[in-house]
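A short write-up of the structure that comes next.
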Protein chains: 2
Amino acid sequence: MSPTREGSAVQSVDRAVSILEMLAARGDLGITEIAEELEVHKSTASRLVAALQSRHLLEQQGERGKYALSYGIVRLAAATTARLDVARLGQPICGRLAESLGETVNVAVSDGEVAITVAQEDGAAAITSQNWVGRRTPLHATSAGKVLLAWMDEDSRRPLLRRALHRYTDDTIVEHAALRAELARVLDEGHARSFEELEVGMHAVAVPVFSGDGTVGSALSATGPSYRLPRRRARAIVADLREGAAELSVELGYRAG
Amino acid sequence: MSPTREGSAVQSVDRAVSILEMLAARGDLGITEIAEELEVHKSTASRLVAALQSRHLLEQQGERGKYALSYGIVRLAAATTARLDVARLGQPICGRLAESLGETVNVAVSDGEVAITVAQEDGAAAITSQNWVGRRTPLHATSAGKVLLAWMDEDSRRPLLRRALHRYTDDTIVEHAALRAELARVLDEGHARSFEELEVGMHAVAVPVFSGDGTVGSALSATGPSYRLPRRRARAIVADLREGAAELSVELGYRAG
DNA sequence: TGAGCAAGTTGCGCAATAAGCAACGTGGCT
DNA sequence: AGCCACGTTGCTTATTGCGCAACTTGCTCA
């Protein structure tokens with residue numbers, strides 16, 4: 001039997017989601033390729049694909065072509081209006097700041113476990129970041145993640161701060177006490193930094209974005225190589241990020257007291 | 001046993017997708033509500049939700065709260081890069097045209113069966129359209145749908161033109177021959193119209209948007225009430241829509257011969 | 001033109017999984 | 001403190017999901 005994932009109770013649902021993720025990663029795949037990768041019989045793959053296709057999450061390209069994700073996914077995604085609003089409204093603000101700062105600027109939200117980038121624009125420099133949109137990044141090792149953690153309600157944060165903290169570089173914070181102190185500092189200063197904590201040579205700084213209900217639902221951050229975004233400059237651009245975040249907060253319905 | 005949908009071979013996958021769609025429609029739901037709507041036992045609903053949650057398609061709000069779609073969906077959606085590019089690049093063009101025309105402007109793509117709106121901006125008028133983003137609309141009765149059908153390759157279009165065409169109003173085209181003639185006219189004139197064919201009192205006009213490979217992957221349309229967008233004015237704004245579509249086409253990589 | 005091959009589909013039977021039941025834990029409310 | 005509703009989980013079993021084999025279809029090549 002094919003390996004099932006930890007904590008999942010429904011094998012066929014798990015397999016179906018794996019198919020969606022494979023297609024997200026690869027663009028399009030045939031039944032045989034899906035079957036091989038899932039380690040199931042072709043007929044099993046065929047039926048799972050048919051089930052997803054009947055609900056418009058997948059489509060076949062032509063009558064005999066490979067399968068790809070369809071707009072059922074986008075329709076589901078579009079439904080999470082608030083979150084997509086963050087993405088949609090954040091995009092032009094990222095664009096403007098990326099142009100003025102010359103670095104990569106993104107907006108990230110938390111899914112309760114990690115940070116996920118929902119909007120990104122790159123600066124004009126040749127050396128720039130990869131595309132993080134849709135990517136999951138650790139909360140404790142990124143500047144946006146620290147913002148999201150710092151403003152997270154205690155009930156949601158508590159289990160996250162109990163988990164083992166993965167070390168990515170020599171500078172990654174992996175002690176719980178150190179992370180708590182860092183989050184207190186973030187709250188105190190109103191912004192977070194990550195200096196080579198996720199990746200050697202990569203600096204980032206982030207500020208909170210407030211939602212209509214007054215909570216911090218997302219973070220706005222700038223990222224660059226350490227030689228172009230030294231610590232001093234990282235601190236200096238906080239004001240620009242704060243301006244952008246304030247604008248985005250207002251667009252999201254935030255009314256400052 | 002709960003009713004299974006026509007054409008679906010895997011009941012638990014079907015149920016899981018139904019949960020996603022319920023949450024897309026309602027925002028958040030508890031296990032008991034999901035169980036009632038799916039007509040299954042609470043433990044069944046609980047396990048299906050747990051399976052989706054373990055793959056980050058759902059998240060629970062707090063430790064005892066309701067469930068909502070999570071960014072796993074957005075991450076899957078983000079992966080269909082080209083399609084989301086249509087949405088992202090189309091949004092500001094919709095915004096500009098909506099402002100200048102004073103009507104609702106959208107961009108729609110086809111999922112092979114229907115038209116799906118991926119970007120929309122509303123004009124300033126108090127009477128405006130509902131939000132169509134993510135919504136599925138019929139190809140034969142909408143202006144955007146007619147554009148997508150007219151430029152569709154014959155293999156993909158043939159089965160669609162064999163199906164029974166649903167009548168929405170007295171003006172809906174439901175004869176296959178009439179629809180073929182209409183599509184020929186759309187190709188000839190380079191734009192499509194829908195005058196009260198989807199909804200009484202609603203007029204729309206659409207033009208093709210070309211992709212990098214030269215095909216028509218999306219359509220740009222304007223929609224308004226018939227008293228504000230009479231037939232004469234609908235024809236008049238085609239030039240504006242063409243300009244916007246040309247710009248979007250170039251941004252999508254289209255190079256006119 | 002026909003054979004061979006690969007991809008995908010489908011009927012069938014069966015074993016494994018999905019599901020229901022009952023009991024339990026937990027938090028909110030009175 | 002007790003009640004209620006929600007959600008979870010162990011257990012059992014009935015149903016579904018799955019693998020197998022056979023089939024269809026389209027493409028390639030001799």
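The figures here come from the full heavy-atom set of this structure, side chains too, leaving out hydrogens, waters and symmetry mates. Each chain gets a letter, A, B and so on, in the order the sequences are listed, and its residues count up from 1.
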Ignoring hydrogens and geometry beyond distance, is the side chain of R47(B) in donor-acceptor contact with the base of dG7(D) at under 3.5 Å?
no
Residue among L48(B), L23(B), D28(B) satisfying side chain to side chain contact (heavy atoms under 4.5 Å, CB included) with L58(B)
L23(B)
When the distance from CG of D28(B) to P of dC6(D) is rounded to whole Å, what number comes out?
14 Å
Take the protein atom CD of E39(A) and the nucleotide atom C1' of dG17(D), then report the distance between them rounded to whole Å.
18 Å
Using a 4.5 Å cut-off on heavy atoms from C-beta on, say whether the side chain of V86(A) contacts that of L252(A).
yes
Heavy-atom donor-acceptor pair, S43(B) side-chain to dG20(C) base, under 3.5 Å:
yes
Using a cut-off of strictly less than 4.0 Å, decide whether Q11(B) has a side-chain nitrogen or oxygen near OP1 or OP2 of dA19(C).
yes
Which whole-number value in Å describes the distance from E33(A) CD to dG8(C) P?
7 Å
Roughly, in whole Å, what's the span from NE2 in H41(B) to P in dT12(D)?
17 Å
Output the rounded distance in Å from OH (Y67(A)) to P (dG8(C)).
7 Å
Ring-plane angle category for F210(B) and W151(B), please: parallel below 30°, perpendicular beyond 60°, tilted otherwise.
perpendicular
Roughly how many Å is it from CD1 in I34(B) to P in dG7(D), rounded to a whole number?
8 Å
Under-4.0 Å side-chain N/O to phosphate OP1/OP2 contact, S46(A) with dT10(C):
no
Can you tell me how far C1' of dT9(C) sits from CD of Q60(A), to the nearest Å?
11 Å
I want to check one thing: is the phosphate of dA5(D), taken as OP1 and OP2, less than 4.0 Å away from some side-chain N or O of T32(B)?
no
Taking for each residue the nucleotide of DNA chain D bearing the nearest heavy atom, is the 5' side occupied by E36(B) or by A45(A)?
E36(B)
Kindly point out which of dC21(C), dA18(C), dA7(C) is positioned nearest to the side chain of S12(A)?
dA18(C)
With a cut-off of less than 4.0 Å, is there a side-chain N or O of R15(B) near OP1 or OP2 of dA19(C)?
yes
To the nearest angstrom, the CG-C1' distance between L48(A) and dT10(C) comes to 15 Å
Are any of the side-chain nitrogens in K42(B) or E36(B) under 4.0 Å away from the carboxylate oxygens of its partner?
no
Under a 4.0 Å threshold between the charged nitrogen and the carboxylate oxygen, would K146(B) count as salt-bridged to E197(B)?
yes
